[in-house]
Amino acid sequence: MEIAENAALVVVDVQKGFEELDFWGARNHPGADDNIAALIDVWQGSGRPVVFVRHDSVSPRSPLRRGYEGNGFKAYVEERRGKGAGAELLLTKTVNSAFLGTPDLGGWLTDRGIPQIVVAGIQTNMCAETTARMGGNLGYDVLFAFDATYTFDLEGPFGWRRSAEELAQASAVSLHGGGFARVVTTREIVDAAGG
């Protein structure tokens with residue numbers, strides 16, 4: 001696996017509101033935050049670009065809604081913002097894909113000649129997966145840092161309920177098997193990036 005010298009790390013929705021487990025329920029990947037931090041450190045240390053994505057929920061009950069404390073980035077992300085030698089972008093969105101946020105992610109990547117993105121963040125099967133899928137559709141070489149993402153148990157139609165780990169695995173299979181992205185581990189990415 002090769003990591004481009006200008007590959008962008010897209011850090012999706014690593015916000016305080018996701019700590020409110022009474023709202024979200026049980027989660028998986030307890031080491032995900034450490035892995036996200038490690039990726040940011042490697043990217044910033046190597047001068048590669050980092051995109052910080054924030055979800056500004058329009059739902060009045062959401063812990064991610066604007067004006068609520070949970071909308072802010074988790075402390076370890078906020079502490080790292082502005083510390084890298086490479087380009088940095090703060091992007092906000094109200095939908096699942098970072099490619100439909102403000103400012104325009106695709107335009108920002110194109111302007112810098114960036115062909116490859118690494119996706120990490122929250123939730124695996126929601127905004128992280130949607131961003132990776134759309135990136136693949138738009139022709140980017142997408143790496144999905146599976147263990148640098150996490151999600152929560154969820155109930156769907158027909159009374160079907162799936163655990164966070166089942167949902168995460170389904171996302172990984174769809175992304176990788178469907179050709180949207182290469183699903184890899186944080187260690188593989190860090191090693192390939194020279195971290």
Side-chain angles (χ1 to χ4, degrees), residues 9-41 51-65 68-78 80 91-101 117-136 142-190:
L9 175 64
V10 181
V11 181
V12 180
D13 303 350
V14 184
Q15 292 165 253
K16 296 175 191 174
F18 282 118
E19 299 293 336
E20 297 186 21
L21 299 184
D22 287 345
F23 181 88
W24 301 102
R27 63 167 274 193
N28 68 334
H29 291 179
D33 286 300
D34 289 340
N35 289 332
I36 294 165
L39 289 170
I40 296 170
D41 289 345
V51 178
F52 293 102
V53 181
R54 187 184 75 221
H55 190 80
D56 291 345
S57 178
V58 296
S59 171
R61 289 185 52 246
S62 172
L64 306 178
R65 66 189 180 272
Y68 180 68
E69 180 184 8
N71 180 258
F73 289 118
K74 292 189 183 191
Y76 75 88
V77 170
E78 192 58 47
R80 286 168 167 81
L91 182 152
T92 61
K93 62 181 181 58
T94 58
V95 295
N96 300 99
S97 177
F99 284 97
L100 297 176
I117 62 172
V118 175
V119 177
I122 313 168
Q123 299 180 55
T124 310
N125 58 318
M126 299 287 184
C127 296
E129 179 179 351
T130 305
T131 298
R133 281 178 178 268
M134 207 162 165
V142 181
L143 297 173
F144 193 81
F146 182 66
D147 57 351
T149 72
Y150 69 86
T151 193
F152 304 91
D153 294 0
L154 191 63
E155 185 169 336
F158 316 119
W160 294 346
R161 184 162 187 83
R162 295 295 179 263
S163 71
E165 189 57 28
E166 288 171 324
L167 292 167
Q169 289 178 13
S171 288
V173 169
S174 293
L175 287 171
H176 198 91
F180 295 99
R182 287 177 285 161
V183 178
V184 293
T185 66
T186 300
R187 175 49 50 199
E188 288 175 294
I189 294 170
V190 167

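These numbers come from a predicted model, not from an experiment. Quick note: numbers below take in every heavy atom, side chains included, and nothing from hydrogens, waters or symmetry partners.
Between Q15 and N71 there is a side-chain heavy-atom pair separated by less than 4.5 Å. Side-chain contact between F18 and L64 is present, with at least one heavy-atom pair separated by less than 4.5 Å. Side chains of L154 and M126 form a contact here, defined as non-hydrogen atoms less than 4.5 Å apart. For the pair L39 and V190, the minimum side-chain heavy-atom distance is below 4.5 Å. When side chains are defined from C-beta on, Y68 counts as touching P63, because their heavy atoms get closer than 4.5 Å. Considering only heavy atoms from C-beta on, L100 comes within 4.5 Å of M134 through its side chain.
The distance from the CG atom of L9 to the CD1 atom of I189 is 8.0 Å, given to the nearest 0.5 Å. To the nearest 0.5 angstrom, R162 atom CZ is 12.0 Å from Q169 atom CD.
Take F144 and apply the ring-ring contact (aromatic ring centres under 6.0 Å, His included) test, not counting sequence neighbours, and it matches no residue.
The minimum heavy-atom distance between G121 and V14, with the atom names listed, is CA-CG2, 4.0 Å. Between V119 and A128, the closest heavy-atom pair is CG1-O, 3.7 Å. Taking both residues in full, the closest heavy atoms of H55 and C127 are given as ND1-SG, 4.4 Å, listed atom of the first, atom of the second, then distance. Summarising the geometry of A98 relative to L91, their closest heavy-atom pair is O-CD1, 3.5 Å, with the distance given to 0.1 Å.
Checking each of K93, R54, Q123 against D13 for a side-chain hydrogen bond (donor to acceptor under 3.5 Å, both in side chains) leaves exactly one that passes, namely K93.
Between the side chain of T124 and the backbone N or O of Y150 there is at least one donor-acceptor pair closer than 3.5 Å.
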- Step by step, work out the side-chain contact (heavy atoms from CB on, under 4.5 Å) result for L21 and F152. CA-CA 9 Å; L21 299 184; F152 304 91; 3.6 Å; yes
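Within a 6.0 Å sphere centred on CD of E155, heavy atoms belonging to other residues, nucleotides or ligands number more than 12. Counting non-hydrogen atoms of other residues, nucleotides and ligands closer than 6.0 Å to CZ of R161 gives a total above 12.
Residue pairs meeting the salt bridge (Lys or Arg N to Asp or Glu O under 4.0 Å) criterion with at least one member in residues 118-130, sequence neighbours excluded: E129-R133.
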Enumerate, atom names and distances included, each donor-acceptor pair closer than 3.5 Å involving a side-chain atom of residues 28-37, sequence neighbours excluded.
unit_1, atom_1, unit_2, atom_2, d
N28, OD1, T151, N, 2.8
N28, ND2, E165, OE1, 2.9
H29, ND1, F146, O, 3.3
H29, ND1, T149, O, 2.7
D33, OD1, K74, NZ, 3.2
D33, OD1, Y76, OH, 2.6
D33, OD2, K74, NZ, 3.2
N35, ND2, G31, O, 3.4
N35, ND2, D147, O, 2.9

